Amino acid sequence: MNSLRARADRVEAWLQRSDCDVLAIQETKCKDDNFPWELFERMGYEVAHFGVNQWNGVAIASRVGLEDVERTFLDQPSFGKAGKDPVQEARAMAATCAGIRIWSLYVPNGRSLDDEHMPYKLKWLESLKTHAQELVTQDPQAQVALMGDWNIAPFDEDVWDIDLFINNRSTHVSPPERAAFHAFESAGFTDVVRPYTPGPGVYTYWDYTQLRFPKKEGMRIDFVLASPALAARVTGASIDREERKGKGASDHAPVVVELAD
DNA sequence: ATGGTGGGATGCCCA
């Protein structure tokens, strides 16, 4: 989702409706001081948030335990324009919830193919993959979820018109971005949602502009990648497209994964 | 005309 404070009422209603145990949020667009802690407490969730300014911001809410909170992953790249101090952005945090290591991830957008944010995006993903791989190498039984806004459409069917994207030299579909995503699959992580939500025409994000949602012109860019031990427990998944409707909707829809006990 | 919508440390930057 984006902008948590502007949609606090929707989040509360969605928690009520979905009855989910763990919620990972990205692009909260607030700092810890402004975070609506009481919303989650009222609903019976523990919550941790990582936000340093009005940009980015990630959170994890859980009613099945929230332990070992970690802000940024090991060796997470910083971003800084020439002449400015590099900053480690609030784009990744982890917590262990009921034995599952949950990573709430807001992958850098990239902005354009020749922007300095694109190499940053690729390096960020490579570094995250190294860390994730390490977790399953250390413990092959580890249950790890890498979830959030990946800002990549891994397959042609994940956008409404691939030719338009290619002709426009758009981000999210370029070979280096897709390779960075598929590297997680090579490292043993699986997209556990796609088998339950086959495309084409299945998306998690619709731009606010140009009537993209009513025209069904979206992108599948939000994913839950699971380690082998976690993937084995998945019994279902869905994309709550209804939540994209109505006044005050986020431009992303919630992605839901169900697990066996 | 090409960010036309939406939110934030708002009169600009980010997606």
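Quick note: numbers below take in every heavy atom, side chains included, and nothing from hydrogens, waters or symmetry partners. What you see is a predicted model, and the numbers here were worked out from it, not measured in a lab. Each chain gets a letter, A, B and so on, in the order the sequences are listed, and its residues count up from 1.
- By the 4.0 Å N-to-carboxylate-O rule, A/D191 lies too far from A/R220 to be salt-bridged with it.
- Between A/H172 and A/W150, the ring center distance fails the sub-6.0 Å criterion.
- When distances are taken from the side chain of A/R91 to each of B/dA9, B/dG7, B/dA15, the shortest belongs to B/dA15.
- If you check every strand for non-hydrogen atoms under 4.0 Å, A/T209 touches a base.
- Straight-line distance between the P atoms of B/dT5 and B/dA9: roughly 22 Å, to the nearest whole Å.
- Atoms NZ (A/K247) and C1' (B/dG6) sit 11 Å apart, rounded to a whole Å.
- OP1 or OP2 of B/dA9 lies within a sub-4.0 Å distance of a side-chain N or O belonging to A/R5.
- Between A/I221 atom CD1 and B/dA15 atom C1' there is a gap of 10 Å when expressed in whole angstrom units.
- Neither side chain, A/E157 nor A/Y203, offers a donor N or O lying under 3.5 Å from an acceptor on the other.
- Taking atom NZ on A/K29 and atom P on B/dC14, their separation rounds to 11 Å, with Å as the unit.
- A straight line from CD of A/E27 to P of B/dG7 spans 12 Å, rounded to a whole angstrom.
- Side-chain contact, A/R233 with A/Q143: a donor N or O sits under 3.5 Å from an acceptor N or O.
- Within 4.0 Å (heavy atoms only), A/Y205 reaches no atom of the nucleic acid at all.
- Nucleotides B/dA1 and B/dC14 place their P atoms 26 Å apart, quoted to the nearest Å.
- When each of B/dG8, B/dA9, B/dG6 is scored by its nearest atom to the side-chain atoms of A/S3, the top-ranked nucleotide is B/dG8.
- One interatomic measurement links the two molecules: CD of A/Q54 to P of B/dG7, which rounds to 16 Å at whole-angstrom precision.
- Note: CG (A/D251) to C1' (B/dG6) measures 8 Å, nearest angstrom.
- The phosphate of B/dT5 (OP1 or OP2) has no side-chain N or O of A/R212 nearer than 4.0 angstrom.
- Aromatic ring pairs are classed by plane angle as parallel below 30°, tilted from 30° to 60° and perpendicular above 60°; the pair A/H252 and A/Y205 is tilted.
- Comparing B/dC14, B/dG8, B/dA9 against the side chain of A/R111 picks out B/dC14 as the nearest.
- Annotation: B/dG8 and B/dG3 have their P atoms spaced 23 Å apart (nearest Å).
- One atom, CG of A/L211, and another, C1' of B/dT5, lie 10 Å apart when rounded to the nearest Å.
- Remark: C1' of B/dT5 and NE2 of A/H252 are 14 Å apart, rounded to the nearest angstrom.
- With hydrogens and angles ignored, a donor-acceptor pair closer than 3.5 Å exists between the side chain of A/D207 and the base of B/dG3.
- Two residues, A/N109 and A/G248, neighbour DNA chain B, and the one matched to the more 5' nucleotide by heavy-atom proximity is A/G248.
- Along DNA chain B, the nucleotide closest to A/K31 and the one closest to A/H117 are compared, and the more 5′ of them pairs with A/K31.
- Annotation: A/F223 is in aromatic contact with A/F181 [ring centroid separation under 6.0 Å].
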